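Right, one structure below, let's go through it.
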Protein chains: 2
Amino acid sequence: MTRRGRVASGQPTIADVARHAGVAVSTVSYVLSGKRAISELTRSRVLASIRLLGYHPNAGARALASRRANVIALVLPLRSGIQVPVVMQFATAVVTSARGHDHDVLLLTSDEGPAGLRRIAAGALVDGVLVMDVELHDVRVPLLRELGRPSVLIGLPTDTRQLTCVDLDFHRAGQLCVEHLAGLGHRRLALLGAPAAVYERGTGFAHRTRAGVIEAAARHGVDVVALPCEENAADVHRRVVGLFARHPDISALIVQNEAAVGPMQAALSALGRRVPRDVSVVAVCPDQFAEHASPRLTCVPVPAEEIGRQAVSLVMRKLHDELVPEVTLLPPRLTVRDSTSSPGR
Amino acid sequence: MTRRGRVASGQPTIADVARHAGVAVSTVSYVLSGKRAISELTRSRVLASIRLLGYHPNAGARALASRRANVIALVLPLRSGIQVPVVMQFATAVVTSARGHDHDVLLLTSDEGPAGLRRIAAGALVDGVLVMDVELHDVRVPLLRELGRPSVLIGLPTDTRQLTCVDLDFHRAGQLCVEHLAGLGHRRLALLGAPAAVYERGTGFAHRTRAGVIEAAARHGVDVVALPCEENAADVHRRVVGLFARHPDISALIVQNEAAVGPMQAALSALGRRVPRDVSVVAVCPDQFAEHASPRLTCVPVPAEEIGRQAVSLVMRKLHDELVPEVTLLPPRLTVRDSTSSPGR
DNA sequence: ACGGTTTGTCGAAGCGCTTCGCCAGCGTCC
DNA sequence: GGACGCTGGCGAAGCGCTTCGACAAACCGT
């Protein structure tokens, strides 16, 4: 019996590789990690053995010995009012770019709450944490600060001290929408926002967009009505009809609610207002969605993939003890399509 | 120096707990796992120490020693034509129910392909694998068979031998739609299906629904036109208009494409056909989506959460070496709402 | 009072890997 | 030509946990 008192796992171990290549275990390890110089001859012999035996390092053993799991956690929201496609795009971007850094991604939902975070972080299941759907006064923030593991927030809480946050500059995005519309000559706008619940729980992006819209409107001498909007067709219809009943001279809409776009268009057409002839529409939503709508929507895209990449890159840098900025805001840009034009034409 | 030659991690270890409670390390382990009888007195002393020290078992060490990572992998698709909200619902259901079995979820995207699967499985990063978006002749299927780790497919490949699959019975779902409409008196139907690419790559659910629809239509002596449908408003519009141009007497639509529902309704209303007065609509989509549409849609809901729970439960049973059925098909049910009625009323 | 179980606990041997210290062999430089 | 520095490799000590076998002590029936 050469080794092992218990049941064999079937998988070859680093010792098998070492024996097969005629070198020491540590040499194999150094070939794999590149942390010490290894002669080209030995290197290729070891690599050949690895390939031949179909060796894959055991993740648990590696994590135990190196104190690095090569896994990061991604905490996703699952509650109502989230932009599902955005979240999904974001998640895939995170997985893809984490793999580019030789890390895997552990998926958590926020419903296990802070306890879940503590469990995986303290248990060394993950090296770092990415948190989505951050609220202005998020309960997880104090925990993240004390956790002792690198973390990156997607979204901005009120107090960003000692944190690392990345997000689209939604304030600027709101401004961009207004500037575009004001530039076209619109004087009365409305913002069809996220569901009321999203504002109530203090989700940053909704507040920041609204603030940007209102601020820019004031600056450009433009009137704006901001109202939240649920994600069902009936509510959207009611809101839009009510809006134009109270403010018949509104000539442009800013929409930050993907689910509302379709129903909104239906409501407008029911009111006999055509886009963009009678009403211009600017959306804050994934580019692809705007592209697929009819008419194609002028929009400020939410660069979910770019945010995901940035978040991963930031957490990796923190893992390497680099200093990173507390806040990274990506500059939004506005893509002009077919849903906006000058009013009264 | 009591322990450790290298840098302290800060986290208390099981040895710290044992020392604090005045017992052996193995005793603490048995308290935690419950695998041997421990006196109530000792048990409570140990638990008290654990709480006091804030001990969390190290995942890597545990995985190494026990040969179980307590993690399952979830392979999600990220390509076009997938039903994003369904996937998302599914993912959260998987995470939630995995946690109920004391497991975490590692997120993979299918773009790393079979190599990714092999890596995590061989490396013992995960104990089992859940694979979504299965094609009829999926390249990953042979790999799963040889992988030596429990796996569950969400969706049905052509050959299910030696596999475990779970899905909604889409064939029956298609039948249900037709039966409902035929029962109302409709004689000419159309199926607005998934994007063409989805059929082309042999994704099971699309094929099976279509087959069920066609089969039931033949059985009920009903005509049906089945056509794929892209996810952008312009294509949907074109298809719907073309459809009624060629078949003006079609009185009901079956839709299996969430993104197409809104544009379809818009197209119908542009054609002057009202739902359900002139055209009845049955959707195969998440219940919530149907509920939020206007009018509320009669639908066959895709029970993403239930499928997720089932998938986790199956993989857990396989982890415990239980025998499980090769194929689990959940029975669909049809929810009648406001989008269907008898024709010509 | 004495074998035979149970019950509760302990000690130690790994799990498969990383990493530290050590050293042999070589070229190099006054 | 000896002190020195590299280079390439080895051996062994853990990392923190689970689990197996051993074994006192308590309990049993007789």
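The chains referred to below are lettered A, B, ... by the order of the sequence lines, with proteins before strands, and numbering in each begins at 1. Only this structure's heavy atoms are used, side chains among them; waters, hydrogens and symmetry mates stay out. None of the values given here were measured: they were computed from a predicted structure.
Contact annotation: the side chain of A:Tyr55 approaches that of A:Leu32 to within less than 4.5 Å [non-hydrogen atoms, C-beta and beyond]. In this structure, A:His103 and A:Arg68 have side chains that are not in contact, with every pair of non-hydrogen atoms separated by 4.5 Å or more. Looking only at side-chain heavy atoms (C-beta outward), B:Gln310 and B:Ile307 stay at 4.5 Å or farther from each other. Under the 4.5 Å side-chain criterion, counting only non-hydrogen atoms from C-beta, A:Cys165 is in contact with A:Pro157.
Nucleotide C:dC17 holds its P atom 10 Å from the CD atom of A:Gln11, rounded to whole Å. Atoms NE2 (B:His56) and P (D:dG16) sit 16 Å apart, rounded to a whole Å. When the P atom of C:dG14 is taken as reference, atom CG of A:Leu64 falls 17 Å away, rounded to whole Å. Rounded to an integer number of Å, the gap from A:Ile14 CD1 to C:dC15 C1' is 14 Å. The nearest whole Å value for the distance from the CG atom in A:Leu53 to the C1' atom in C:dG16 is 15 Å. For the pair A:Asn70 CG and C:dT18 C1', the interatomic distance rounds to 13 Å; values are reported in whole Å. Taking atom CZ of B:Arg62 as the reference point, atom P of D:dC15 lies 19 Å away to the nearest angstrom.
A close approach under 4.0 Å does occur between a side-chain nitrogen or oxygen of A:Lys35 and OP1 or OP2 of C:dT19. Note on A:Arg67: every side-chain N or O is 4.0 Å or more away from OP1 and OP2 of D:dC15.
Judged by closest nucleotide on DNA chain D, A:Ala61 is the one of B:Ser29 and A:Ala61 placed further toward the 5' end.
Between A:Arg99 and B:Asp111 there is no salt bridge, since no side-chain N of the basic residue sits under 4.0 Å from a carboxylate O of the acidic one.
When the local axes at the two ends of the helix from C:dA1-D:dT30 to C:dC30-D:dG1 are compared, using 5 base pairs at each end, they differ in direction by 40° after rounding to 10°.
In this structure a side-chain-to-backbone donor-acceptor pair under 3.5 Å is present from B:Glu326 to B:Gln162. In this structure a side-chain-to-backbone donor-acceptor pair under 3.5 Å is present from B:Ser110 to B:Leu76.
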N/O-N/O pairs, protein side and nucleotides 6-12 of chain D side, under 3.5 Å:
residue : atom : partner : partner atom : Å
D:dG9   : OP1  : A:Ser39 : OG           : 2.8
D:dG9   : OP1  : A:Thr42 : OG1          : 2.1
D:dG9   : OP2  : A:Ser39 : N            : 2.7
D:dG9   : OP2  : A:Ser39 : OG           : 3.2
D:dG9   : OP2  : A:Thr42 : OG1          : 3.3
D:dG9   : O6   : A:Arg36 : NH1          : 2.6
D:dC10  : OP2  : A:Ala24 : N            : 2.8
D:dC10  : OP2  : A:Thr27 : OG1          : 2.4
D:dG11  : N7   : A:Ser26 : OG           : 3.3
D:dG11  : O6   : A:Ser26 : OG           : 3.2

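Listed candidates were D:dC17, C:dG16, C:dT19. Nearest to the side chain of A:Arg68 is C:dT19.
Expressed to the nearest 0.5 Å, how far OG of B:Ser151 lies from CG of B:Leu130 amounts to 8.5 Å. Taken from CD1 in A:Ile72 to CG in A:Leu106, the straight-line distance is 10.0 Å, to the nearest 0.5 Å.
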